[in-house]
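Note sheet for the following structure.
Chain letters run A, B, ... following the sequence lines, proteins first, then strands; residues in each count from 1.
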Amino acid sequence: MNAFQLFGIDPVPFLDAEVLKATFLERSVRLHPDVGGAETAPAFAELNEAYKILLSDRLRLRHILELHGLKDLGSIGAVPGHLVDLFMQAGSLLNTSDRLIKNRLRAESFLEQAALQGDLLEKMDGLQMLLSELHSIRKTLSERLIVMGTVRADNPQSLENLKELYLELSYVEKWMEQVQEKIFLISEYVV
Amino acid sequence: MDGAGAGKNLSDLGICRMSSGPIIGIDLGTTHSLVGVMDAGFVVLVPDTDGRRLLPSIVSWQNGEAPPLVGYPAKRARSLAPERTILSAKRLMGRRWSDLAETEKTMDARLVTDAKGLTLIELPLVDGPKRVSAPEVAAELLRELANRASRYLETQVSKVVITVPAYFNDAQRQATKEAGESAGLEVVRILSEPTAAALAYGMDRHHKQARIAVYDLGGGTFDCSILELNEGVFQVLATSGNTLLGGDDLDQAVYAVLWQELPGEVRDSLHASARARLKEEVELAKIRLSTQEEAEIEIPFLTPLYSFRRILTRLELEDLARPLLEKTRRHCLRALQDAGLRPEDLKEVLLVGGQTRMPLVRSLVKEWLGHEPNISLDPDEAVARGATIQAGILSGAMQNMVLLDITPLSLGIETFGGLMNVIIPRNSTLPTKAGELFTNAADGQRLMKIRVLQGERELARDNWFLGELDLEFQPGPRATARIGVQFELDADGILHVLARDTVTLQEKRVGLRSVVDVTDEKVGQMVSESVEHALEDMQERQWIESELKARRLMELTRKALSQAGENAGAERIIPVETALLQMQAAMDQKGLAELKSSMKNLDEASKPLAQWLMDQATEAMLKRKGVL
């Protein structure tokens, strides 16, 4: 499947989410099996899948790379050099947060709960700082996507750039997701 | 009667759709059910011959040949024959015996399990016990409602949209479908309740774009869904809920308090029918407390020697409700987070479900979601209206509208090490499918078993086990077979599995075996045996465990006391010190009950100190950040 073709757009690394959504909704009204019956169900499933791919920067890049014949993207490479420090920091913060949340879940008495409060507040603070740092990295990645333009098969350099971007995005998005989840869990205890 | 309009629309598309005939919408609720039909483009909720739209979700079986009583007659039979009368059967829908908590097994109805591990309700009829399943109970309700609609439309109704809690899993949705089928109905859609409510809300408001939250607290279930409305397209973004949390639980909590207050001899002599009466009165008092500050519960001759009278205040009720409602907060925040939204992104918060009439619910929802809740929908009727609108969409009677619903739970398979590998993440738009490639791990391997799960937990065993499927390989050297398995969730959120051998190109639908796992059962048996053996040293073990806990608590308390020093103030410190001494005494005397209660006392006594310490921690944090 070529998700771009399905949506009638060029395979560019950056897409406007609102425009994508408008196309998706407009086609859904015709293709959803509730309206079109069982016959349109496969077409809707395809549209649904393509939308999911195009909506996410990460999956969209991956799709472009796959369309250019690059395989085995499932096992993405090592953490890019300039992100290693951040990776170590995120890893340790996520781990210690995880332990703390587990302890807090287990804490039955009021005093036990109170004793963990300081640590929880501190972790929350650290996680939020990390998240805003990740946000700003994410933003520069998006900016790089916007200026990239159409990736052409006859330009190996642009494919290489795209692969690099995909790798960074994969890591940053994964960390963001995990950090957000921890913040969500801790927010139950600290207001 | 809707045939003409539908046909015209479809010929435009060149598609032949479902055969004609009306489709009705049914809200199959834990405590009440309703039915709606489309009549000349309008939704009509069909009343019974006495003009009542709500049908109590109660079925009472009778001795002899007489058919079961359904609805109000069954409700009247409840206090006369509680053992033959089934309430809240929805709570048992699609749940195996092994899924039930021990407290659920000791409900009013006598629950038993069959050879397949399914849960059945046993009714003591004079001709011998009769066993019915939850779908069978639901089928009686559905039949009654479909007959109502048939009378209204003056034509035999055979197609239906049935609503279920958004958070229902595959088995619960299947069971609901099964209920419809045994009532002789074709279930053309299983629809999520909060989504249905959103349809009812958005139907006559044409929004360019609006995001709304639906807070749906019914008799037995809770859901919070976030939707986006876009000129006729209703897109569900996220949902979170609990299928075992509802107004019933509040009734139960109040009942438990009143029951505790009864004199011991009354408690002992309280028959099932008297208990049922008390429960009914509790529910009525709860409803009155939504508009009154106090409600009197009066039952003359609860037992031949005892008349019951008690004033229940709204404050008392709210104290009991708070912990239950607190549980719903997490789901609201989770749904918002999953939708990637903040409360201020919402345009409206809709309240649905009878329990949302409670003023406390309204004020808490406002506090959590930052919006004055919209109560323009009738909380009892909105879901049925939405179901009927969806029926209208499906029959072609409602045009330019479509609903994009999602799956509430992640679908996955168990991988090595007992982990859950997600294949379709939660909140994916339906219908959707995803594939996975499997190969043989050993030479000549002919069979591979795959365990399919639903849920959000990391460990496979913490999730809901949907069933097991067998993949057959052509014999060959290891890693040469290739079977692609396609998991498809249809528009009802029900799973279909298709296996395709990519070498032989053979395709086959795979059924899930959802029978109880034999090994699970064996493990359960082993556990219960070891428990029996352990009975003698139970006392001993309990003491050891409690003592360990007590020592930990003591250490923690001493640490807290020294940390607080004198700054915390004598009024916070002295009660803790006193309770600590009492606990030491209980420990020295080796009294288990005393130790347990002294631990509880200490915890309670240290609450103000704990609060003070928390405040200190917050202050220290703010100071460090330079805010204070």
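A salt bridge between B:Arg624 and A:Asp125 is absent, with no side-chain N of the basic residue lying under 4.0 Å from a carboxylate O of the acidic one. Ion pairing between B:Lys625 and A:Glu122 fails under the 4.0 Å rule for side-chain N and carboxylate O. Ion pairing of A:Glu112 with B:Arg552 is present here, as a side-chain N (NZ or NE/NH1/NH2) and a carboxylate O approach within less than 4.0 Å. Electrostatic pairing of B:Glu228 and A:Lys21 counts as a salt bridge here, judged by a charged N lying under 4.0 Å from a carboxylate O.
Looking at A:Glu46, neither its backbone nor its side chain comes within 4.5 Å of chain B, counting heavy atoms on both sides. For B:Lys607, the parts lying near chain A are the backbone and the side chain together; criterion is any non-hydrogen pair under 4.5 Å. The contact between A:Phe184 and chain B is made by backbone and side chain atoms together, counting heavy-atom distances below 4.5 Å. At a 4.5 Å heavy-atom cutoff, the contact between A:Glu181 and chain B is made by backbone and side-chain atoms alike.
Heavy-atom pairs under 4.5 Å with chain A peak, among B:Pro431, B:Ala560, B:Ser606, at B:Pro431. Counting heavy-atom pairs closer than 4.5 Å to chain A, the top-ranked of the candidates B:Met621, B:Lys559, B:Gln563, B:Arg334 is B:Arg334.
Rounding to the nearest 0.5 Å gives a distance of 8.5 Å between NE2 of A:His32 and OG1 of B:Thr429. For the atom pair B:Asn400 CG and A:Arg30 CZ, the distance stands at 12.0 Å (nearest 0.5 Å). For the atom pair A:Leu111 CG and B:Glu555 CD, the distance stands at 12.5 Å (nearest 0.5 Å). Note that NZ of B:Lys549 is 10.0 Å distant from OG of A:Ser109, once rounded to the nearest 0.5 Å. Separating the CG atom in A:Leu121 from the CD atom in B:Glu619 is a distance of 12.0 Å, to the nearest 0.5 Å. Rounding to the nearest 0.5 Å gives a distance of 9.5 Å between CG of B:Leu404 and OH of A:Tyr51.
Using a 4.5 Å cut-off on side-chain heavy atoms (C-beta onward), B:Gln611 and A:Phe110 make no contact. Inter-residue side-chain proximity for A:Phe24 and B:Gln235 is flagged as met; some heavy-atom pair is nearer than 4.5 Å. At a threshold of 4.5 Å between non-hydrogen side-chain atoms, the residues B:Leu333 and A:Glu188 do not count as touching.
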Item to check | Worked check of side-chain hydrogen bond (donor to acceptor under 3.5 Å, both in side chains) between B:Gln390 and A:Asp34 | outcome: CA-CA 9 Å; B:Gln390 177 67 14; A:Asp34 282 0; 2.7 Å; yes
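For A:Met1, the CE atom is densely surrounded, since the number of other residues' heavy atoms within 6.0 Å is greater than 12. Residue A:Asp85 qualifies as open at atom CG: its count of foreign heavy atoms under 6.0 Å is 12 or below.
Heavy-atom minimum distance, B:Asp603 versus A:Glu108: OD2-O, 4.2 Å. Closest approach of B:Arg329 to A:Ser187, counting heavy atoms only: NH2-O, 4.4 Å.
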